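Predicted, not measured: the structure shown is a model, and the values here were computed from it.
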Amino acid sequence: MGSKSHKRDRENGAGPEVEEAPAKRRRQINEEQLKLSRLYDDLAAESDDVRFEAAKQLIVKFSPESEPVAKDVENALSRLIKGLCSQRKAARVGFSLTLTELLRQIFGQKENAIHDLELDLASLIRLVESKTKVEGNVPGRERRDHLIGKLFGYKALLQSSIVIEPDLSMECWNLLLDHIYGMARDVPWLREECGMVLVEAAKSLQGQPKYQACAKAMIGRLSDFKLISTPEGIAIWLTVQASYDSVLPEGLWHEKDPLSKKERTRLAKILKENYQGRSEDGDSESIKTAAASPNPSFAWSMVLSEVLHRHHQHQSSSGGFPKVDFPQFWLDTVDNNLFTSTSSHERKAWGFKLLSGFINDVPEDIVAALLSPNILRTLINQSKKEDRFLHSAALAALGSIQARVQREPSSALPIFTALTSKHGSIEFDKITKTRTLDQVLLSASDSAIKKIVRHLNSLVLRPNTEDETLAHTRRQVIADILLNLVKHFKGYDQMPKDIAEQDGWLRRTIELLVEHGYFVPSETAKTSKVALPSLSEKTRQVYQERLSSCLTKLLSVNIGSRSTFALTAVGMIRSKDASSKSLKLAFTADPAVSETLEKASQTLDAISAKGSIAGNKMAAEGFILLYSLTILQVYNGESDAVMMLDDLDVSRKAMLKKGKDSTQEGSDVFVEIILSFLGNPRTLFRKIGEEALSIFASEIGANGLKSLADILDTEENLEGQKELFNQSDDDAEEDGSSSDPDDSDVDSDVDSDVEMVDGEGSSAGGSDSDSESESDSDESDGDESEDDAELTQFNNMLAMTLQTSKPNADGEAEDDTSDDSDMDDDQMMALDPHLSKIFQQRSKITSKKKEREDAKQNVVQFKARVLDLLAIYLEKQYSNPLTLQVLLPIVRRTRANANKQIAEKAFKMLKTHFDSRMKHKAPLPKPEDTKPVWEFLKEVHEEAKLGGGAKIHADACSGASLHLVKVLIGLDRENYAGVVDVYAETQKQWFNEKKSALQPVLFTMFQNWSLTARQQAK
C-alpha cells in the first residue's frame, strides 16, 4: 500500500524532489559507453589497421592532455588489463600495445599528472595481480589465459619504462622480477615467454651505468630461481654480459662465459633442454620441463648470433670476448646435438628450422658449415620419402637453401660443393627426388658456375668410390647436371657474342664433356689428372651423347652463328689431340680414315677462315655445321661418317663450280647427306639436317626433292626399313636383336638427345589408334594371322614331342588320360634337347614379331622427319615451281589407311603452306611449262577418289587442287576453262559412280573460290 501511496504522491506533485539526469544526458552517457565498448572490442580485431585506430583513440582519450576523470582512467586501465586474458586471437596484441603506451603517457612524465589519480607503480603491479587472478574452479584453458594475461601485464609495465623513468624504483623493479622469475620457474610452458620479457627488459637498460643495480638484480635471480641452466637463463646472461660484464658472478660459467669452449658440452645439453640430473648448484631438484615445443627456443638464435658475431670479430689484446669458431660451435651444439641418431624428431625439426633461419644470415665464407655431416644425412633421409616424419621440414630447409642462392648467387659455390662432397652426394637430387642441385646451379653467378664446373670435373676424376659401376653412375649424373644447366640457363641473351672463345663456364662445360667423351689419359699424365677408377667406354659414350644434347640446345641460342659451338667442340678435340701432354684420343683410325679426317679438318678451317662459299655466307655456315658434326661422328666411331665427309666434299666442290650439271649433282648429294643426318637417332643431327636444308633450300633440284618425296611412299614394314636404311638381312637381324638399355641416351631425370619412336613430339606415332588406316588394320590382321599360325605350330610340335596329346582335325589337342603318358626321369632327360630346340624356335617367332613392330615405327618416324624437311622447303621456297611436285606425295599421306600421326602432320603442313600466301604475301609459283601442272591437277583429282572416306584426305585434295588452280589462273585467266573441264570430268564420274569415295568438298571449295575470284576481277 505504501508504494502505491508514494506513487500517487509523485503523480500529484507531492513528496520529496528526486534529482535525475536529464534524458539527453543519459543518452550521451550511454552513447559514450557504447563507443568505448566498441573501441575495446576493436582492440581484438584481426585487422592491424582496426586495432591500431582503436588503440590511438583510447590513448588520446585517456592521456593527461585530454584531462580525463581519474575514475575513468582507473576503469580503462582495469579494462585493458582484463583484456590481456582474452582468448581472442589478436586481443593480447591490441590490449598490450594500448596498455603499454597509455602507461607511458600517464606515468612516464612528472608534469601533466591526472588530477586525483591515486595509482602508483606498486598499486599498478597489484592491479595486474588482482585483475588477472583466477578465482574458483575454472577450466585449464581459462587458467592458462589468465597466466598469460598476467605476464603480459608485467611486460607492459616493463616496456612502458615507467619503472626506471623518470625515476628508478628498485623496489618495483625487484618486485616485477620476482613475479616473472617465479612464473618462469613454476610454469614451464610459459618459461620461454618469460625469458623474452626479461631479455627485453635487460635491453631496455641500454647499458647505462645508473641501471647497473637493475642488471645485477636480474643476474642474481637466475641462481635464486634455479634458471641458470636453461636456454632462457643463458639468453638473459648473454644480454647482461654485453653491457654489464662487471656484475656477472664468478663460478657459474667458466670465465663467466657460457660460450667458452670448456662449457660447450653443458651448453649443448641446456639448449637441447635436457634437464635430467642435478641442477647447477648441486641441488637434487631438477628443472621443471614443459611439453615438447615445435620450435627451438629464442635463445638458440641469440646464442648463434653472438657466436657468429664473435667469429668475425677482430679484438684488440686489451678487451672483448674470446673469438668463437662458428663452424666448430655449429658442429658441437647443432649437428652433434640435435641431429644424432638418438635425437627425437622434435629436436631434429628444431635443427631444420635453425638451418632455414641461419642459411640466410651467415656470410658466404661459412655458409657451407651449416651443411654439416649429420644435417646432410638427415636431410637426405627425410627428403627422399613422403611418409617420413620430417619430410615437409626437410623440404622447407632445402627451399631455404635455394632461396639463399637466389638472393646471393655467389653463394652457390660453397653450397653446391657441400651438398655434393664427402658428406653429401652428387646424386643428391636423385636420392631426395628434388631439383635442389639444379636450382642452385641455375641461380648461381657466372663466376660461381665456372668454379662449380671445375668442382664437377674433380668429381669425375675422383668419384669417391672404387666400384666401377657406382663410378659410372655418379659420372653420368654429373653429365646430366651439366646438360640441365646448358638446357635451362636463362642468361644466354646477356652473354657476349664471343662467349664460346672466352674462358667462361660455358666453354669449360663443353671442354669437360669433350675431355671425358673423347680422350683417355696419356702415359705421361700426372696421377692427379688420371681418373680413378678409369672411365669406361660406356661412360665416354654418355659424355659424347650429353655433348650432342648440349650442342642441340645451343643451336637455338642467339650467340654468334649457329655453327659456333659445334666448331668450338671440334676445335677442342683437335687442339688437345695435338698439344695435350696428359690426354690422348680414345679414337683410333687406320691411315685412310685419318687422311680423310685430316683433309676434312683442313677444309673446315678454310671455310671458317674465308666465311663464305662462292660468295654465300649462309652456305659457309651450313657446311661448317655439317662438317663439324660429321667429324664428331667420326670421333664417335661411326664408320658411315667417313663416307659422309667424302660426300660433303663432293657437294662443296659442286657448289663452287658454275656448271648446271655439277651443281645439280652437288645438290642431290647434299640431300643424301641430310637424309643421313636424319637417320641418326640423336636429336642434334636431325636439327642440323633441318638447319642445313633451311640454308640450302634454294640449291635443291628436282631429283633431290623427288628423293625426299619418294620416302613418303615407302612401305611401313621390314622391307621399307631395309630400303630406307640400306640394310641387308644381317643388318636388320642385328638391329632387331639389340636390346641393351645402356646403349640409349635415355635417362629419367634428363631430356634425352636420342629421339625415341614415341618421343619428343616427333609426330611419328606410337601405337596406332582404332580409327587408324585400313591398310594398317589389314597389315596388323596379317601379322596376327601369321602369329596365330606360328603359335598353333608351336603348340602342335610341343604336344607331339611330349606325346601327351595329339592334334585333332581342327588343330586342337585332344585330352589323353592314359597312364602311359607319364614319363620317368630318363625319358624326360631324353626329351630335353627336343624341347630346347622347340623353345628356341618359339623365341625366334617372338623376336620376329617385335622386329616387324620396330621396323614399322622406324619407317613412320623417318617419314615424320622427312615431312619436317619438306615443311621447311615449302616455307622457304613457296614461289618455287618445284614445290608443286611434292604436293601429291604429301596428300597421299592423309589417306584413311595411312598412319594417323603422319596423316595429321601432313595435313597440317599442307594447310600451313596453302595459307602462307595470305601470311607472307608471297607470289604463287610461275612455272615456265604448264603441262606438268595440268598433270598434277588431274593426279590430285584421281587421288581424291582413293582416300577411303577420310575427311582430312578430302580436305587435303581439295586444298591441293585449288592451289594448282590458282597457279594456272595466275599464269593465264584463260586457263579457267580448262580447269572447269577437269572438275567437270571428275564430277561426272562421281555422279555416275554411287560407291565413289570422292567427297563433294572438292567441288564446293572450287565453286566458292570461283565466286570470290570473279567478284575480285570486277
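- For the residue pair T539 and H516, no side-chain donor N or O sits within less than 3.5 Å of a side-chain acceptor on the partner.
- Listed for the T596 side chain is a donor-acceptor partner under 3.5 Å among the backbone atoms of A592.
- Contact annotation: the side chain of Y873 never approaches that of L708 to less than 4.5 Å [non-hydrogen atoms, C-beta and beyond].
- Counting only residues at least two apart or in different chains, salt bridge (Lys or Arg N to Asp or Glu O under 4.0 Å) contacts with residues 445-461 comprise K450-D503.
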Can I get a per-line list of side-chain donor-acceptor pairs under 3.5 Å for residues 582-589, giving both atom names and the distance, sequence neighbours left out?
unit_1	atom_1	unit_2	atom_2	d
K584	NZ	E523	OE2	2.9

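- Judged by distance alone, with hydrogens and angles left aside, the side-chain atoms of S707 form a donor-acceptor pair with the main-chain N or O of G704 at under 3.5 Å.
- Between atom CG of residue L485 and atom CG of residue L441 there is a gap of 4.5 Å, rounded to the nearest 0.5 Å.
- Rounding to the nearest 0.5 Å gives a distance of 8.0 Å between CD of Q721 and CG of D854.
- With hydrogens and angles disregarded, no donor-acceptor distance shorter than 3.5 Å links the side chain of N484 to the backbone of D438.
- Counting non-hydrogen atoms of neighbouring residues, nucleotides and ligands closer than 6.0 angstrom, the CD atom of E638 exceeds 12 such neighbours.
- With R507 contributing its side chain and A500 its backbone, the two residues share a donor-acceptor pair below 3.5 Å.
- The closest donor-acceptor contact from the side chain of S694 to the backbone of E690 lies at 3.5 Å or more, if one exists at all.
- Residues E719 and K722 meet the side-chain proximity criterion, which asks for heavy atoms closer than 4.5 Å.
- One N or O on the side chain of Q544 and one on the backbone of G517 form a donor-acceptor pair closer than 3.5 Å.
- Annotation: ring-ring contact (aromatic ring centres under 6.0 Å, His included) contacts involving residues 560-585, sequence neighbours excluded, are absent.
- At a cut-off of 3.5 Å, with distance as the only test, a side-chain donor of T564 or S561 sits close to an acceptor on the other residue.
- Put simply, CG on N858 and CG on L718 are 9.5 Å apart, with the number rounded to the nearest 0.5 Å.
- Salt bridge annotation for K863-E716: present, with a cationic side-chain nitrogen under 4.0 angstrom from a carboxylate oxygen.
- Proximity of F623 to T603: side-chain heavy atoms (C-beta onward) are nowhere separated by under 4.5 Å.
- The structure places CZ of R474 at 11.5 Å from OG1 of T420, a figure rounded to the nearest 0.5 Å.
- From L512, atom CG reaches atom OH of Y543 across 6.0 Å, with rounding to the nearest 0.5 Å.
- Under the 3.5 Å distance criterion, the side-chain polar atoms of T524 are matched with a main-chain donor or acceptor of K581.
- The backbone N or O of D590 lies less than 3.5 Å from a partner atom in the side chain of S594, making a donor-acceptor pair.
- When atom types are taken as modelled, the side chain of N457 and the backbone of V453 share no donor-acceptor pair closer than 3.5 angstrom.
- Between the OG atom in S383 and the CG atom in L376 there is a gap of 10.5 Å [rounded to 0.5 Å].
- Within the structure, the ring-ring contact (aromatic ring centres under 6.0 Å, His included) test picks out the following pairs touching residues 492-513 (sequence neighbours left out): F489-Y492, F489-W505.
- Screening residues 462-471 for side chain to side chain donor-acceptor pair (under 3.5 Å) gives no qualifying pairs among residues at least two apart or on separate chains.
- Sequence neighbours left out, the pairs with a member in residues 550-577 that pass salt bridge (Lys or Arg N to Asp or Glu O under 4.0 Å) are E511-K576, E515-K576, R562-E621, R562-E691, R574-D605.
- Side-chain atoms of D429 come within 3.5 Å of backbone atoms of L437 as a donor-acceptor pair (strictly under, hydrogens ignored).
- Using modelled atom types, one finds a donor on one side chain and an acceptor on the other under 3.5 Å when comparing Q541 with E545.
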